[in-house]
Protein chains: 2
Amino acid sequence: MAVYTQVDDQTLSHFLSSYDIGEAISFKGIAEGVENSNYLLETTKGRYILTLYEKRTDPADLPYFLNLMEHLVKKGINAPLPIRDKNGAALQTLAGRPACIISFLTGVSIDHPKAAHCAELGKILAEMHLALADFGEDRANSLTLAGWKSLVEQTAARADEVSSGLEKTLKDEIAALESQWPDNLPSGAIHADLFPDNVLFTKDKITGLIDFYFACSDSYAYDLAVCINAWCFNAEHAFQEDCAAALTEAYQSVRPLNEGEKHALPLLCRGAALRFLLTRLYDWLNPVEGAVVKMKDPTEYLKKLRFHQDAENERSYGL
Amino acid sequence: MAVYTQVDDQTLSHFLSSYDIGEAISFKGIAEGVENSNYLLETTKGRYILTLYEKRTDPADLPYFLNLMEHLVKKGINAPLPIRDKNGAALQTLAGRPACIISFLTGVSIDHPKAAHCAELGKILAEMHLALADFGEDRANSLTLAGWKSLVEQTAARADEVSSGLEKTLKDEIAALESQWPDNLPSGAIHADLFPDNVLFTKDKITGLIDFYFACSDSYAYDLAVCINAWCFNAEHAFQEDCAAALTEAYQSVRPLNEGEKHALPLLCRGAALRFLLTRLYDWLNPVEGAVVKMKDPTEYLKKLRFHQDAENERSYGL
């Protein structure tokens, strides 16, 4: 959450001259996005975000992310629109890094979502899935079973440093998920990281979805499971049944889940909890020297995983 | 240059309810200001900066800084205006910290100023000094002779780690400055840190002065000396005579320097160079664990100090 790459005014001015978006009248580095350098750019014609993609982003994935955002905007979903330069190119190079200007979206993230916010989320999540049905591009999810298995191998030996018994929990869980993970659910492009900080609200209505840099091909219901994990637990990590019921009901009002998806939901929620448990655990065990990123607590997702393990069936989520 | 203190949406919403500036429609942490947490806040009524003052700022100094900004705005200088709440208070407490909302100023900082930018700067610097003549509040400069002497004592023993011979240079310089430092120059409130990143330009005209958190009582010519150091050397730290001439000429077109100020200028420039050399050296030798601040090179100001030591008289600066 910081600006890693500095862009000076002359570099910016030269960069903007290839666009048709006017001249800079304000330019501030913003403390957003863990992975990249982001600037809030105001020009004589409007407001934008300039992103420089740092090394954790694979440049080969960028056309997928940018095309996906553009597709969503064309379909009427409030996602950031990648701005094309005078030659029609959205993806650029700036200060030696891949870079892109996207449109700025207003709205404020909700830190402690209530059921009404979850209902808004469920509706737009389903609308986004429907809008992406004809997207037509594919990107494998590097953070699903195979990726989790690799992360378990890299973290298990030291996992008990974080929580006693965690090594066994991880190994048991990955084995359980491997044996039961569904592979026949309706799938397509998903956001895969739709946490509250990636959803902008204005007066309790969603006015923007942002940060599509984990988007990938996976089952739609898995995207819903990520949201259940991220939106339906309170600050003490206790499950909020009213939030989950609002989320799944609103989702289904736009895109009804089939029986297979409903049945799989508890397992998908376990997978989603494991995914964030593992990446947080990895970051916790491998702190980056001089990193400006605030470490996130892995045990939050251990608690969530335990909730999902105990969930009897999909009715626990209001289905 | 980061957000140290997180403000969640409910805290923000409650905080804004004591003001008459509308509701938040966007709220982004900005990577600006080394010392404090800054948010760019857009409401239904306008744009603002919300600052939470972190521990390096003495809360007792805040009324001085806020009153000074308000005084400047009343006098027609484009400084941030501290916004008062419904009870008339500008200084608040938020998330356990002193906090203030100030108006947002448009403009972009110039990273590599040219003579034309220095002329703009000289004019507004003098206008600011005139505008502050009747400010009437006092704050001792903690970073003048006595403060430098203390910093020399804290850094000299290890100074040669940074540059061979630096310990002797520091001790000789502080002795020379102590014996010659002028105490009878026209004085008042000064900015004391008017670096290019604290000056906002729109189309080569200055549209804002920001970051008054080093403001203090000192000689006006010392403020000019800080600007000569910060604006009149190129990226390789070589002195730019045309920049200095433009700066001092423009300054004098608004507020002519008296003979004492002119004569003292080389010495004041040495003092200003020593001030930034010492604070950078101190930070270099005492890195803060987990600090998100990019370390600044102390030797930049050693080179500048040497230039000023070699300057024969005020004519070196275009006077």
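Below, chains carry the letters A, B, ... as their sequence lines are ordered, and counting in each starts from 1.
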- Item | Interface residues of residues 104-116 of chain B facing chain A - heavy atom cut-off under 4.5 Å |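 When heavy atoms of chain A are the reference, residues 104-116 of chain B contributes B:F104, B:T106, B:G107, B:V108, B:S109, B:I110, B:D111, B:H112, B:K114 within the under-4.5 Å range.
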
- Heavy-atom count around A:K86 NZ within 6.0 Å, excluding the residue itself: above 12? yes

- Is A:Y19 atom OH crowded by more than 12 heavy atoms from other residues, nucleotides or ligands, each under 6.0 Å away? yes

- Residues of residues 229-244 of chain A within contact distance of chain B, non-hydrogen under 4.5 Å: none

- Message: Once rounded to the nearest 0.5 Å, what's the spacing between atom CG of A:L40 and atom CD of B:E42?
- Response: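 One finds 9.0 Å between CG of A:L40 and CD of B:E42.
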
